[in-house]
Amino acid sequence: MVVLFGRAGYADQVKLKIVAINDFHGHLQSSESFRAGPQSPDVPVGGIDVLAGYVEYLKAQNPYNVVVSAGDLIGASPLVSGLYHDEGTIETMNRLGLEISAVGNHEFDKGRQELLRMQSGGCFTGDKNTCRGAEVGMAVPFGGAKFQYLAANVFDEASGKTIFPAYMIKTYNGVPVAFIGVTLEGTPVTVRPGGIAGLRFAGEASTINALVRQLRAQGIQSVVVLIHQGGWQEVTKGTVDINSCEGELQGTPIEAIVNQLDDAVELVISGHTHQAYVCQIANSAGRKVPVTSAASFGRLLTDIDVTVDTTTKKVTSVTAQNIVVDRSNTKITADAGIKGLMDRYAALAAPIASRVVGSITADITRTTSAGRESPLGHLIADAQLEATRDSGAVVAFTNSGGIRGDLAYSSGAADAGERKVTYGELFTIQPFQQNLVTITLTGTQLQTLLEEQFKGCALDFPPGVIPPRSDQILQVSEGFTYAWNPAGATCNKVDAGSIKVNGLIVGPTRKYRVTVSSYLAEGGDRLYEFTHGMERVDGAQDVDALAAYFAKHHSVSPSRLDRIKISPQPNPD
Ligand SMILES: [Zn+2]
């Protein structure tokens, strides 16, 4: 028998090191900096080569170790990974030694079949940017993940079985530890409905607790949960510390879940919110258990030490701390093999990513006005309208959640007052590679659609679907205007007489050609009115429409935020 720690009294314990990440989102390379707390310096962070260096450094401290992820490894990725269908992320994560990952909502961005391909390998159908192993020094066809995806609460409705195993049991010095992987129950709201047809997403806590009972019956006493759902620290001012827990996650989704968990769950590794925290939250027995999250994009990782009693097989202590993946740390050696692979993908992507598409004269960002519109939302909608005029489009709508970055003037090369914009930057902003779709809606349907943006309104929802708990305000193209009243009743916030196309009030039965992404056309963001669209015509990819807009206009300036207005409030006197 291997005695891990020779000191008297410690032979009956085994220590396990867990290295955890979450929300990596294909960020193979990094140009970001990060502050770990109010007193900490700004340091360059991330990059999978340095992340791997940190993982190796931590693993070397304990032969009993495991590298895990709490979901969203892939999806909404920068071009270097996303253009190649995230095959590079899976390949580098294999080399980094990742063993287990919960699925996150973004794992479903391209649908169930594509996620199964990520696990088991093969090529993406109908695109040349797949199985490029010969150019980057990897196997052809793409070999898939060596780590195991877990999906305890994602069921195939036909078979009643989960699409991946619910849990994985690892044994350390004779002590079994179970890892359960779950994604947020609300995953269907955030992904293209067509991609998850036939899947059912069950409740997080109820799924975990039912599994804990099964595991206990098998004699397993130590359970770790990898969950793609999270919370956030309360920020009173400035930068929050990555290892603190301001506000104790009160009122956040993960708190509600942990409050319901069986006492056998000893550690919760969370994600989804891209936040950093190390917390202790009460479970259903009132006992406080550690709940961690390591921000996103490989900027942090969580270093966790778990001690288990070899006789009782129960966890006796857990310590956890978030560590910044600091590219300037000379004690860490970037993994050369992973760097080589990353660099070869970057070289493959470079001619596409670095192509200058046009320029901007000032910041064009997602920051919204009181009416919830943004200059970048305008730009994307305008580009989509322009790209589909041939299909008769008079208005384009784009979902705010699909805009994944900003065009900051200061972050690129400027020349004579004009800052150049590359295709790679546009890909970061529009990473989902969705086709544009032009459909016909009536004036009445447009009104219904606008009401459905506001929380609680379920005008034409399929039976059993719960309306969203937050507003989902669409960004609109030039020529489309309306006003809404924040104090208006549910499903009665939009002033019907204010909805105009090119200055004319929409007629209830008049038909309008409307352009959206394939995500919205399928009822994404629970805007089901789009699914009633007629005379569907498919168009270009969203990112290409945006690039074409730059190519045509060359220099782009932020628009005025005057398309969505707040209705005048009645005077309280
Ligand atoms: Zn997520």
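Ligands are counted one by one from 1 in listed order, and the atoms in each one are counted from 1 as well.
Of all protein N/O/S atoms, those lying under 2.8 Å from the Zn ion (ligand 1) come to 4.
Look at K110 and D86 and you find no salt bridge, because none of the NZ, NE, NH1 or NH2 atoms lies under 4.0 Å from a carboxylate O.
Within the structure, salt bridge (Lys or Arg N to Asp or Glu O under 4.0 Å) pairs that include any residue of residues 96-105 comprise E99-K170 (at least two apart or interchain).
A cation-pi contact links R200 to F155, judged by a cut-off of 6.0 Å to the six-membered ring centre and 45° from its axis.
Between H272 and H228, the ring planes lie perpendicular to each other; the angle is over 60°, past the 30° to 60° tilted range.
Centroid-to-centroid, the aromatic rings of Y84 and F142 stay 6.0 Å apart or farther. Here the two rings, on Y528 and F530, have centers that are 6.0 Å apart or farther.
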